Amino acid sequence: MTPASRLPRAFFARPARAVAVDLLGKRLVHRTGVQRAGGIIVETEAYCDAVEPDLACHASKNRGRPTGRTAVMFGPPGHAYIYFTYGMHWLFNIVTGRAGQANAVLVRAVAPLEAEDLMAARRQRRAAGTAQPPSPLPRSQWTNGPAKLTEALAIDGRYHGADLCDPGCPIWIEDAPPVPGDRVRAGPRVGIAGVPEPWRSMPWRYWIADDPFVSPHP
DNA sequence: AGCACGATTAACT
DNA sequence: GTTAATCGTGCTC
């Protein structure tokens, strides 16, 4: 069964920055069997807004030509661009814009909404070797980061390239009321200190003001 | 064929 | 504030 509120391709077929802002307040859902886990998107980042090269974007590698890793980003909008980083973390993006352009939006944080016990279990550290009961991870830290939310929602590389607009896809974005414009904040993207200016400082990270699940530090 | 490093996180001083 | 964990990718030799 597919919810009628699954966002259609037209939503994603727009410039990355517009989609990144409009994704705030929407719901990211992953169905595994009969279980559903999901959260309200509270933080995003736009990459490769197509006007000119964005050196912070993976698609700018290989002189801006597609590679095995980035090919999905050059494809049609509404598909998942998921990649593995630091040897241990999966990051979830949605392809935006139109085919031929390499645009994407990174989902950096969500607020837990459904199946919270399931998310907590997925995020709970395994007891390392010695039999010491791991202290429960606070709810505030379940999904407040790009790699934390993929772990909590069990999203990984198997969904790389998946069409989120396909009624059969177990991952989708559910429509929800938009966040008022005066509640949206913008600032530089996180974790790209090695990227040259001006791209390093472009304010293409968006979040909901004062939301407790926005990723820490930055 | 080899290598430096990353759209991060958690644990540590 | 600092650093280890951990490995696929893109770039250099």
Side-chain angles (χ1 to χ4, degrees), chain A residues 16-17 19-21 23-24 28 39 41-50 53-74 79-97 102-110 112 119-130 132-161 186-207 213-218:
Chain A
R17 279 174 287 176
V19 176
V21 171
L23 275 174
L24 297 176
L28 171 60
I41 297 173
V42 300
E43 182 183 355
T44 59
E45 281 178 357
Y47 285 88
C48 296
D49 220 6
D54 174 7
L55 291 212
C57 182
H58 294 158
S60 70
K61 299 291 182 185
N62 192 33
R63 303 185 310 257
R65 304 303 306 159
T67 69
R69 184 197 203 190
T70 65
V72 168
M73 245 197 293
F74 289 83
H79 291 246
Y81 167 57
I82 298 174
Y83 73 94
F84 190 60
T85 192
Y86 289 102
M88 63 194 90
H89 299 304
W90 293 104
L91 270 62
F92 174 78
N93 302 249
I94 306 172
V95 177
T96 63
N103 287 12
V105 171
L106 169 69
V107 178
R108 281 195 60 87
V110 305
M119 283 190 265
R122 288 166 173 164
R123 285 282 292 129
Q124 189 60 50
R125 282 184 306 132
R126 266 179 296 221
T130 54
Q132 191 157 39
S135 53
L137 197 62
R139 181 171 182 269
S140 62
Q141 294 174 34
W142 290 351
T143 55
N144 64 334
K148 298 176 189 179
L149 73 90
T150 57
E151 187 170 358
L153 296 180
I155 294 173
D156 60 30
R158 90 187 74 179
Y159 297 109
H160 179 59
R189 295 168 291 182
V190 176
I192 56 170
V195 172
E197 296 289 6
W199 302 282
R200 189 198 320 161
S201 298
M202 297 305 275
W204 293 347
R205 168 180 176 246
Y206 306 96
W207 66 95
F213 291 94
V214 171
S215 66
H217 191 245

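Order of the sequence lines fixes the chain letters, A, B, ..., with proteins taken first and strands second; residue numbering starts at 1 for each chain. No experiment lies behind these values; they were computed from the predicted model shown.
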Rounded P spacing from C:dT3 to B:dC5 in Å: 16 Å

Between NZ of A:K61 and C1' of C:dC11 the distance, given in whole Å, is 9 Å

Gap in Å between the two C1' atoms, one belonging to C:dG1 and one to B:dA7, rounded: 22 Å

Do A:D49 and A:D54 make a side-chain contact, defined as non-hydrogen atoms from C-beta onward lying under 4.5 Å apart? no

Looking at A:Y83 versus A:H58, is the centre-to-centre ring distance below 6.0 Å? yes

How is A:I192 classified with respect to the nucleic acid when contacts are heavy atoms under 4.0 Å: base, sugar-phosphate, or nothing? sugar-phosphate

Just to be sure I understand the rule, does A:R189 reach a base, reach only the sugar-phosphate, or reach nothing, if contact means heavy atoms closer than 4.0 Å? nothing

A:M73 CE to C:dG10 C1', in whole Å, measures 14 Å

Rounded at 0.5 Å granularity, tell me how far CD in A:E45 sits from CG in A:L23. 13.0 Å

Between SG of A:C48 and CH2 of A:W204, what distance do you get to the nearest 0.5 Å? 8.5 Å

Atom-to-atom span, CZ of A:R65 to P of C:dC11 - whole angstrom: 13 Å

Does CZ in A:R65 sit with more than 12 non-hydrogen atoms of other residues, nucleotides or ligands closer than 6.0 Å? no

Pairs counted as Watson-Crick or G-U wobble with both distances under 3.5 Å: what dot-bracket string results for DNA chain B, using | for bases tied to another strand? ||||||.|||||.

Any chance you could measure A:R69, atom CZ, to A:H160, atom NE2, to the nearest 0.5 Å? 9.5 Å

Could you check whether A:R123 gets within reach of a base, just the sugar-phosphate, or nothing at all, counting any heavy atom under 4.0 Å? sugar-phosphate

I'd like to check A:M73 versus A:C57 (side-chain heavy atoms, cut-off strictly below 4.5 Å). Are they in contact? yes

How far apart are the closest heavy atoms of A:R108 and A:L149, and which atoms are they? C-CD2, 3.6 Å

Atom pair CG/CZ of A:L153 and A:R123 - distance to nearest 0.5 Å: 10.5 Å

Given C:dA5, C:dC11, C:dT9, the nucleotide with the shortest approach to the side chain of A:N62: C:dC11

For a 4.0 angstrom threshold against heavy atoms of chain A, report the outermost contacting nucleotides of DNA chain B in 5' to 3' order. B:dG6 to B:dA11

